[in-house]
Every structure is written in structure tokens, then in C-alpha cells.
Amino acid sequence: MKFNTESIVFIIYILFMLGIGIYFFFKGKEGGEKGYFLGGRQMGAWVSALSAGASDMSAWVLMGLPASIYAAGMGQAWIAIGLAIGYAFSWIYEAPRLRAFSIVCNDSITIPQYLTNRFKSKSKALQIICAVIFLVAYTVYAASSIKACGTLFNTVMGIDATVAMYIAAGVIIVYTFLGGFSAVCWTDFFQGLLMLAALLIAPIFASFMIDTVTMSTLPENFMNPFTTWQEIISGFGWGLGYFGMPHIIIRFMSIKSQKELKKSAKIGIAWTVLIVIFSVAAGAIGRMFLGFDQVIADNSLVFITMTRKIFPALISGILLSAVLAAAMSTADSQLLAAASAFASDVYKPIIRKNKSGDKEMLWAGRIVVLAISVIALLIASNPNAGSIMDLVSNAWGIFGAAFGPALMLSLFWKRFTFEGAVAGIISGAVVDVVWLKCLASTGVYEIIPGFIVSLILGIVVSKMSKAPSKEVEDLFDAGVNFKD
């Protein structure tokens, strides 16, 4: 291990994150199930906005996306455009209704719980299906964050990449384990600020240090965003993921008032637009500043290498902590969302048949956090698991295709039924996976066919099934007309 200034900055940062988890463990241990999994619906505008953004923009925004731009050119920038549009639409249209509907639907604290209560169904099928998809997709997603931590620690501190993954996973587990939703949101808040600062500073400084000789060696179409129709449509397809991303949209449910939500939306959208713009800039400027290096491209090191070349150790250590922040802020949110889905939607109603108390529920969730972390570690340490961007893309596609259409239909269509929701969620997930395995050669991102099929089947099956009862329709109206 290289014990230097950068190492010291990293250690201080990790201790700070652990301190937040310990603080909320002692402060919030009486909060019960809703306190641990949803922060008691008391999150303010700034914390909610930056927490939602930070839990979304994992290490791929500092490593994966810049590396894609660095290697393939500006055709990859459509991903950033799609993300910015999708995120804005989710805050403007989905967030207000989801918060209101989750409250009127028996104060639901998880997405599967909300969908079941939305139809006043006694069947647990939807909760089980959602929980299974959550556990699988979140394990893959968390693996991408752990893999990023391993790469970072290996590059900066000289620690073996596998050992580094275990260290990072341990830190994430501890503060998620102890503090729950409040700890996750507050750590994400600080990490969101750090990520934005790093992405603003590094490309700007690098742009003033570009060698004109390096610029002249750029491939002919590197700066041309209009490459293939598949890249363009797939880039926009990334935006669809926001409507069904549980660890992001659960922040909408946690905000303490509709007034705070409007403020949160402005902050969150502005933050994300800046993040994706400068992530693209980091890749393009990094290519001009560093020239092309296959090792940098293969290991997603463009931002890390650029930062270390420009700044002294103290500053680079602080800026590179943003990569650690990005990885941890997403992993902790994913682990908590998976834990809440299992504990609230499977363990409590099915395994324990509603006989478990708050304390038992919390420990069931914590055990799931531990189990998913172990499996994610095994995936991340597998050399054949794919790149950081590949892992994120796979998990993002499943969530967006499975849950996006069902959630939007549940919020905006009174005729939507429980059967339609089940059909839409299952078909979206299945089509997404099948497309990835069998039709990836088309160049079209699998979330697009998955989302379309899920939306169509959700509508068709709802039309074919029995219309919702008056009680369910009244619940829908209550959600539409909800006021704090």
C-alpha cells in the first residue's frame, strides 16, 4: 500500500462516512420500520435532491461514461442527453404523484408495497415478483460500484483490487447497516456536492493544458455526435430508466411536503444537468489532454489519470474521493432498497405472516444487505463480469423496463389493474433479459423493447381484466387530489 497524501485524504473521507452512519444509528434507533427504510418522510429539499442525484450517478458518471466518450467519441453523448431529459420528466411528472399516492395507499414505504396497496389487493404475488427482480438487479448494480472502488484503490493507493473491493464494501455495509435511510441520504448529500465539484474542476483545468499536437491526432469523427441511429435511440432510451429506478424514486416518497418537493425538483434537475454535461466534457477533454491509451480506456481511468496529472496530491486526493463518493452513494441506496423490499414485502407478510416487530424487521433487512454485498463482491471480482458501464447498463435496463411503465400507469390511468401491473412487470424484465442475451447485436439498448412491451401488455391486460372497484377508483382520485 502506498501511504501518501492521497491515502490520508481517502482514509479521512471513509471515517467521515462511517461517522454519519454511527450518528444516525444512535439518533434514529427508535424510528422503526418507516424511520429506517424511509427516513420518517422527513427529508428536506436539498438532501432529497442531492441524495436522489448521487444515488443515481454512481461511479459510472466519473469513470464509465467519460471512458466511453474517451474511447468511442461524442456519439456516446446521447446517453447524457437521454438521462438529463428522463430525470427532469421523472421529477416534474412522476415525483408529485408518487409521493401523494404512496401516502394515500396506506402509507406505503416501498415500491412493491405501493403497487399492491394501489389496487387494494390481498395477493402478495406482486410484492414477491418485485422483490425477486430487486434482489437480482441490485446485486448486479452494486457489483459495478464495488468494482469501481477496487479500480480506484488499486490505482491510487496500490492496494490489490480485490482487497480494495472488500474494504469498500465493508464501509458501505457498516453505515447502511447502522443508520438506514437517513444515514444513506445524508452521506449521499455530501457525496453529491463532492461529485459536482470534482466534475466541474478537473475538465476546466485540463482544457487550459491541452497540447495542440494531441488534439490533431483525434480520429476524424470523434467530435461528431451524429453517428448511428442505434446510438442515438439507445441514448434516449437511458432516460426511460428513471421512471422505474426504485432507489432513486423512493426519494420522492421521503420528502416531507409537496412544497419541499417542488424545490427539490429544481435543485435535482439542475445538479443532474451539470453532472452529465461535465461527465461528457471529462471524456472529450481527457482524450485531447491525455491522448489515447488502451489501458486508460479498458479500465475507465480517464478522469482519475487526468486529475492526478493536473493537481498536487492533496487536491487530487480530495477530487478522487468523488469517485469513491459516487460508487458508495449508489451502492448504499441500492442495498437499502433491496433490504426494504425483502423485509417489508417478503419477510414480514409472507415468512413471518405479520408477526414480526420493528426490531426483527430491521435485522431481516440488515441481513439482506450483508447477503447482497457478498454476492456483489463475487460478481465484481470476476474478471469476466464486464466493465463498470456494462454492469450499470444491465441493471438499469431491467429496472426501467420492468417498473417504469407499471408505475407511470398506476399514477396516471384510473383503469389500470393489478393483473396489468403483474403482466407489465414480468414481461418488461423478461424481454429486457432476452434482448440482452439474444439480440444485443442489433445495437439497440434492451431497455427500449422491454419498456415498450411492458407498456403495451400493461394496457392490454388491464383492458381484458375486470375494471377496478369503486373503492380503488376512489383511492386513485384521492391520490390525484392529495394536498398536505
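Side chains included, hydrogens not; waters and symmetry mates left out as well; all remaining heavy atoms used.
Considering all non-hydrogen atoms of both residues, Glu446 and Ser393 come closest at OE2-O, 3.9 Å. In terms of heavy atoms, Met74 sits closest to Met223 at CG-CA, 3.7 Å. Listed here is the closest heavy atom pair of Ser279 and Pro66: OG-CD, 3.5 Å. Here the shortest heavy-atom pairing between Ile285 and Ser207 reads CG2-N, 3.8 Å. Here the shortest heavy-atom pairing between Leu301 and Val295 reads CD1-O, 4.4 Å. What you find for Ala297 and Ala67 is that their closest heavy atoms are O-CB, 4.3 Å.
When only modelled atom types and interatomic distance are considered, Glu231 and Gln76 share a side-chain donor-acceptor pair under 3.5 Å.
Checked against Ile398 for a side chain to side chain contact (heavy atoms under 4.5 Å, CB included), the options Ile447, Leu436, Asp432 give a single hit: Asp432. When Phe134, Tyr242, Trp396 are each tested for a ring-ring contact (aromatic ring centres under 6.0 Å, His included) with Phe403, only one passes: Phe134.
Distance CG/Asn106 to OG1/Thr116: 11.0 Å, rounded to 0.5 Å. Note: Ile372 CD1 to Leu377 CG = 12.0 Å, rounded to the nearest 0.5 Å. A distance of 7.5 Å separates CG of Asp293 from OG1 of Thr305, quoted to the nearest 0.5 Å. Here the straight-line distance linking atom CE of Met165 with atom CD1 of Ile159 works out to 12.0 Å at 0.5 Å rounding. To the nearest 0.5 Å, atom CD1 of residue Ile267 and atom OG1 of residue Thr272 are 11.5 Å apart. Here the CD1-CG distance, from Ile255 to Leu261, works out to 4.0 Å after rounding to the nearest 0.5 Å.
No donor-acceptor pair under 3.5 Å is formed between the side chain of Tyr70 and the backbone N or O of Leu65. Of the possible polar contacts, one joining the Ser454 side chain to the Ala401 backbone as a donor-acceptor pair under 3.5 Å is found. A donor-acceptor pair under 3.5 Å is absent between the side-chain atoms of Ser144 and the main chain of Val140, judged by distance alone.
Ring orientation note: the planes of Tyr87 and Trp91 are nearly perpendicular, at an angle over 60° on the 30°/60° scale.
Within the 4.5 Å cutoff, side-chain heavy atoms of Ser410 are placed close to those of Leu115. By the 4.5 Å heavy-atom criterion applied to side chains, Glu94 and Met408 are counted as neighbours. Residues Ser102 and Phe252 have side chains not in contact (no heavy-atom distance under 4.5 Å, counting atoms from C-beta outward). The side-chain heavy atoms of Ile448 and Phe236, taken from C-beta on, include no pair separated by under 4.5 Å. In this structure, Ser234 and Trp78 have side chains that are not in contact, with every pair of non-hydrogen atoms separated by 4.5 Å or more. Between Thr307 and Phe205, every side-chain heavy-atom pair lies at or beyond the 4.5 Å cut-off. By the 4.5 Å heavy-atom criterion applied to side chains, Phe292 and Arg287 are counted as neighbours. Using a 4.5 Å heavy-atom cutoff, the side chains of Tyr141 and Leu391 are not in contact.
Under a cut-off of 6.0 angstrom, the local environment of CZ in Phe226 is sparse, with at most 12 non-hydrogen atoms contributed by other residues, nucleotides or ligands. Within 6.0 Å of CZ in Phe89 there are 12 or fewer heavy atoms belonging to other residues, nucleotides or ligands.
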Please assess Tyr445 against Trp435 for the test ring pair (Phe, Tyr, Trp, His ring centres under 6.0 Å), listing each intermediate value before the final yes or no. CA-CA 9 Å; Tyr445 185 21; Trp435 192 279; over 10 Å; no
Run Val280 and Val276 through side-chain contact (heavy atoms from CB on, under 4.5 Å) and show every step you take. CA-CA 6 Å; Val280 171; Val276 295; 5.7 Å; no
Applying side-chain contact (heavy atoms from CB on, under 4.5 Å), run through Phe399 and Ile249 and close with a yes or a no. CA-CA 12 Å; Phe399 277 129; Ile249 60 179; over 6 Å; no
Between Met209 and Lys309, does a side-chain contact (heavy atoms from CB on, under 4.5 Å) hold up when you go through it step by step? CA-CA 11 Å; Met209 301 170 66; Lys309 278 184 174 290; over 6 Å; no
Between Ile92 and Ile269, is the side-chain contact (heavy atoms from CB on, under 4.5 Å) condition met? List the steps. CA-CA 9 Å; Ile92 294 168; Ile269 293 169; 4.1 Å; yes
Decide ring pair (Phe, Tyr, Trp, His ring centres under 6.0 Å) for Phe101 and Phe482; before the verdict, give the C-alpha distance in whole Å, the side-chain angles of both, and the deciding distance to 0.1 Å. CA-CA 8 Å; Phe101 273 63; Phe482 176 83; 9.3 Å; no
